[in-house]
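Before any comments, here is the structure.
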Amino acid sequence: MLIRKFAAAVFAALALGGVQAVTAAPATAAPRILYYDASQAQEFKAVVDQGAQIWNNSVTNVRLLPVTAGRTPNIRVYADNGWPRAYTSSLGNGSWYMGRQAVNQGYHPPRIAAHEFGHLLGLPDRRTGLCTDLMSGSSAPVSCTNPNPNATEARTVNTRFASASVAVPSKVYVWQ
Ligand SMILES: [Zn+2]
C-alpha cells in the first residue's frame, strides 16, 4: 500500500513536470517562417532583402526568408510606377509594390520596403508624422531615413505571431 502511494506520488510529480514543460514551450517555440518572392521586384530586389532583414533583426516570432525553388511564397513583391502599397489577404500573406512614385520623390527605399513588409506582418498605417515610427510612412518627412520599427511596432508584430490564430482582415494600404 505504501509502495503504491509512493508510486502514485512519483507519477503525479512526473505529470506535473510534463505540464510545466508544455506551458513553457511557447516561449521557446520556433518563429513562424514567411517566404517572400522578390524575383519580380526589378531594380529593388536588394532593397526588398534589406527590408526583410530589418524585420528579422527586430522581431523574434516571425522570420522573412527568400522563397526557395518549388515553394509557394507567402508574400510576392512587385515594382511599378505607382505609389508603394500593400495587399494583405491574411496575417503574413499577400503582396506589396515598391512604387517608383515615392522613390522618385525622394522617400528612402529601405524605409519603404520595411514599411510595406510591416503591413504584411499585421501593422496598419499610423500617420503620426514621426520619423521614429516606421508605420508613419509618407506622413514623415521625405528626408526621413529611419527604416526600423520602433519598440511598440516590433512588440505588436511579436504579439500577432505569438499565436497562429490571430485573424487579420484583408486590406489594401497605399503609401500616399
Ligand atoms: Zn502604409
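FYI, the numbering just counts along the sequence from 1. Just so it is clear, the model here is predicted, and its values are computed rather than measured. Remember, it's 1-based here, ligands and their atoms both numbered in the order they're listed.
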Once you round to the nearest 0.5 Å, how far does CG of Asn56 lie from CZ of Phe117?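 Here the interatomic distance stands at 9.0 Å.
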Which of parallel (below 30°), tilted (30 to 60°) and perpendicular (above 60°) describes His119 and Tyr173?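 Rings of His119 and Tyr173: parallel, under 30°.
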Any non-hydrogen side-chain atom of Ser136 less than 4.5 Å from a side-chain atom of Arg111?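 Ser136 reaches Arg111 side chain to side chain.
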So that I know where these two stand, are Trp96 and Tyr78 an aromatic pair - ring centroids less than 6.0 Å apart?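 No, ring centres 6.0 Å or more apart.
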Got more than 12 heavy atoms from elsewhere within 6.0 Å of CZ, Arg126?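 Counting neighbours around CZ of Arg126, 12 or fewer heavy atoms of other residues, nucleotides or ligands fall under 6.0 Å, so no.
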Proximal protein heteroatoms (N, O or S) of the Zn ion (ligand 1), under 2.8 Å: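 His115 NE2, His119 NE2, Asp125 OD1, with waters left out.
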Salt bridge Asp37-Lys45, side-chain N to carboxylate O under 4.0 Å: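 The answer is no: the pair does not qualify as a salt bridge.
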